[in-house]
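Each remark here refers to the structure printed beneath this line.
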Amino acid sequence: VFMSSWCIILSLLVLGCFAQLKLVIQVARSGAHTPSKYLISDSLYSEKPGRLTASGIRQHYLIGKEFRKRYIEDVQFLSQNYNSSELILKSSTVQRTYYSLIAQLMGLYPDYTGQQLYSESLQNVSVPPINVQNKEDIWTRLKLESLLLGLPGGDASSQYPWDDLLFFGYDEGICPELGTLRDKILNSKQIVKLEEFLHESFYPSVAKAYNAVADESEQIKAKDLSLKHIAQLYHSYLANSIHLKTNPNYSKDDFRQIGNLTKYYTYNVFFGDETVRKVAVTALFSQIQMMVERKLADPEVNKYKYVVFSGHHSMLEALISVLFTEDEISRMESSLPVFASLFTFEIIEEDGVNWVKISYNDEEVLIDNCNKQRCNVQQFIAFLQENIIENIDNYCDIPAHRDPHDEA
């Protein structure tokens with residue numbers, strides 16, 4: 001009875017009886033932020049366009065708190081206190097992704113669990129070259145903590161061409177050839193006819209609703225709209241909605257159509273070409289493959305256990321485009337990742353076999369390559385390799401970069 005109960009408890013932790021969690025890799029979208037395009041009014045937000053807000057900070061802080069419970073309190077997978085050797089943290093250089101990662105780490109390692117001074121004697125030397133008032137009071141509050149409510153450390157930067165490909169592999173500015181591939185789709189008869197139809201029957205009502213609430217400087221013209229702009233309007237609307245800000249009063253049918261067109265543009269145009277999809281995930285999949293193989297080959301040397309890539313919605317859409325079938329995407333309500341969405345890859349050893357559990361916002365993902373069952377590590381690596389473009393530097397004309405295997 002005792003063993004049965006214990007197995008039930010473990011199953012609730014997604015590990016199952018006699019299973020051991022080896023590695024967790026997450027790819028997350030930033031938390032809620034202000035719109036980047038179609039601002040409606042300059043006075044709508046105090047923050048600049050595209051900046052993380054308090055709501056977005058809260059989202060990722062709660063994510064960190066939840067994973068502290070899962071990976072530290074419920075299962076002693078990560079250390080109770082911050083251990084730099086266990087974490088690999090990566091973010092694009094954009095403010096909203098970097099600060100989302102900071103917020104998540106603040107939840108994972110709250111006050112008095114972060115990076116600490118080696119000894120009390122360092123209190124006297126760990127001071128700046130200026131006078132600090134109430135220094136003793138601050139020391140009393142900090143104890144041995146380096147700081148409270150702050151990022152405990154780690155590599156959370158992106159400053160090399162390879163990192164650009166990692167976080168923006170879908171961007172034509174990073175890989176110009178993607179523009180050529182997308183232009184072929186945009187210039188196809190199907191898309192041209194669709195745009196003509198939308199200019200006559202749909203874009204005018206969209207522009208009218210938007211202009212009714214927008215400042216004069218933000219007014220738009222129906223003739224200038226396209227599927228790309230509709231997707232931008234959609235993301236702007238969602239950003240305003242989560243912050244309870246002014247939005248266009250689209251009819252219910254019109255907003256449903258905006259959402260459908262955004263999904264169509266995202267997966268049939270932006271990620272409509274197979275090569276585009278592979279370029280978008282190549283750097284990410286290369287790093288995931290390297291991290292998994294190194295960890296399993298020598299866990300004593302490779303002590304990292306928890307890896308976070310903090311990126312943008314298109315990074316997650318690229319993952320969706322390769323992990324799900326076209327039919328699955330068409331039926332998915334969450335195919336357009338909401339703020340703070342995340343993919344989680346858990347490497348779990350059970351009965352001598354290493355399995356990979358893939359989850360999207362806590363829902364398990366079963367891919368075709370593994371016959372809609374959970375992949376073992378060998379199958380997972382094969383799937384990654386199928387979607388990695390060799391000599392990506394030459395294909396995208398990227399300057400020489402560090403070997404991605406050195407990133408860990």
Side-chain angles (χ1 to χ4, degrees), residues 2 5-28 31 57-91 98-123 126 138-156 291-292 294-296 298-310 340 342-350 354 357 359 362 408:
F2 174 80
S5 300
W6 181 241
C7 286
I8 292 173
I9 294 172
L10 285 178
S11 68
L12 293 175
L13 300 175
V14 198
L15 293 179
C17 208
F18 307 115
Q20 181 182 7
L21 187 58
K22 294 292 194 67
L23 177 64
V24 176
I25 299 175
Q26 294 178 336
V27 183
I57 292 172
R58 173 70 65 85
Q59 287 178 307
H60 274 277
Y61 179 75
L62 291 175
I63 288 175
K65 294 291 282 186
E66 173 59 25
F67 287 120
R68 180 173 180 82
K69 184 166 194 318
R70 295 186 191 185
Y71 297 137
I72 297 177
E73 296 173 5
D74 291 342
V75 177
Q76 287 71 52
F77 173 63
L78 295 174
S79 298
Q80 181 76 19
N81 293 332
Y82 169 75
N83 182 342
S84 62
S85 66
E86 294 181 344
L87 308 179
I88 296 178
L89 316 172
K90 294 182 177 291
S91 167
Y98 188 85
Y99 277 50
S100 290
L101 181 56
I102 289 176
Q104 186 165 330
L105 266 292
M106 286 166 61
L108 188 65
Y109 291 103
D111 289 358
Y112 305 111
T113 65
Q115 195 165 17
Q116 297 186 340
L117 302 181
Y118 299 132
S119 69
E120 288 188 14
S121 60
L122 288 177
Q123 296 265 37
S126 303
I138 296 173
W139 285 350
T140 299
R141 182 174 177 232
L142 285 176
K143 299 180 181 179
L144 291 183
E145 290 287 296
S146 56
L147 76 166
L148 298 181
L149 293 177
L151 179 66
D155 173 18
M291 290 173 177
V292 171
R294 280 188 167 185
K295 180 65 179 178
L296 295 181
D298 196 343
E300 293 302 316
V301 172
N302 301 293
K303 297 182 182 298
Y304 56 87
K305 295 181 177 181
Y306 184 63
V307 181
V308 181
F309 296 94
S310 181
L342 73 159
F343 276 96
T344 302
F345 302 85
E346 294 177 314
I347 311 302
I348 304 168
E349 181 184 356
E350 189 170 8
N354 289 306
K357 180 183 179 183
S359 302
D362 267 353

Practice item. Decide yes or no for Val292 and Asn354: does some side-chain heavy atom of the first lie under 4.5 Å from some side-chain heavy atom of the second? Key: no
Point to revise | Side-chain heavy-atom pair Leu342, Val308 within 4.5 angstrom cut-off | key: no
Point to revise | Residue among Leu108, Leu23, Ile88 satisfying side chain to side chain contact (heavy atoms under 4.5 Å, CB included) with Tyr306 | key: Leu108
Nearest 0.5 Å, what's the [atom1]-[atom2] distance between [X] and [Y]?
X	Y	atom1	atom2	value
Gln104	Ile102	CD	CD1	12.0 Å
Tyr304	Leu87	OH	CG	13.0 Å
Phe67	Ile63	CZ	CD1	6.5 Å
Tyr99	Met106	OH	CE	11.0 Å
Lys90	Leu101	NZ	CG	11.0 Å
Asn83	Lys305	CG	NZ	8.0 Å

Review point. Looking only at side chains, do Asn81 and Ser79 share a donor and an acceptor under 3.5 Å apart?
Key: no
**Study point:** Contact summary for Gly107 and Pro110, nearest pair of heavy atoms
**Key:** O-CD, 3.8 Å
Review point. How close do Lys303 and Glu300 get, heavy atom to heavy atom, and via which atoms?
Key: NZ-O, 2.9 Å
Quick check: does any side chain N or O of [X] sit under 3.5 Å from a backbone N or O of [Y], one acting as donor and the other as acceptor?
X	Y	value
His60	Gly31	yes
Lys22	Lys295	no
Ser91	Tyr98	yes
Gln76	Glu73	yes

Exercise for review: Show your reasoning for whether side chain to side chain contact (heavy atoms under 4.5 Å, CB included) applies to Phe345 and Val307.
Suggested key: CA-CA 10 Å; Phe345 302 85; Val307 181; over 6 Å; no
Check your understanding: Please walk me through it: do Val24 and Leu78 pass side chain to side chain contact (heavy atoms under 4.5 Å, CB included)?
Key -> CA-CA 10 Å; Val24 176; Leu78 295 174; over 6 Å; no
Practice item. Please check if atom CZ in Arg68 has more than 12 non-hydrogen atoms from other residues, nucleotides or ligands closer than 6.0 Å. Key: yes
Exercise for review: Would you indicate whether Phe309, at its atom CZ, is surrounded by more than 12 heavy atoms from other residues, nucleotides or ligands within a distance under 6.0 Å?
Suggested key: yes
**Study point:** For Tyr71, side chain to side chain donor-acceptor pair (under 3.5 Å) partners two or more places apart
**Key:** Glu346
Practice item. I would like to know whether Arg70 and Val75 meet side chain to side chain contact (heavy atoms under 4.5 Å, CB included); could you show each step before the answer? Key: CA-CA 6 Å; Arg70 295 186 191 185; Val75 177; over 6 Å; no
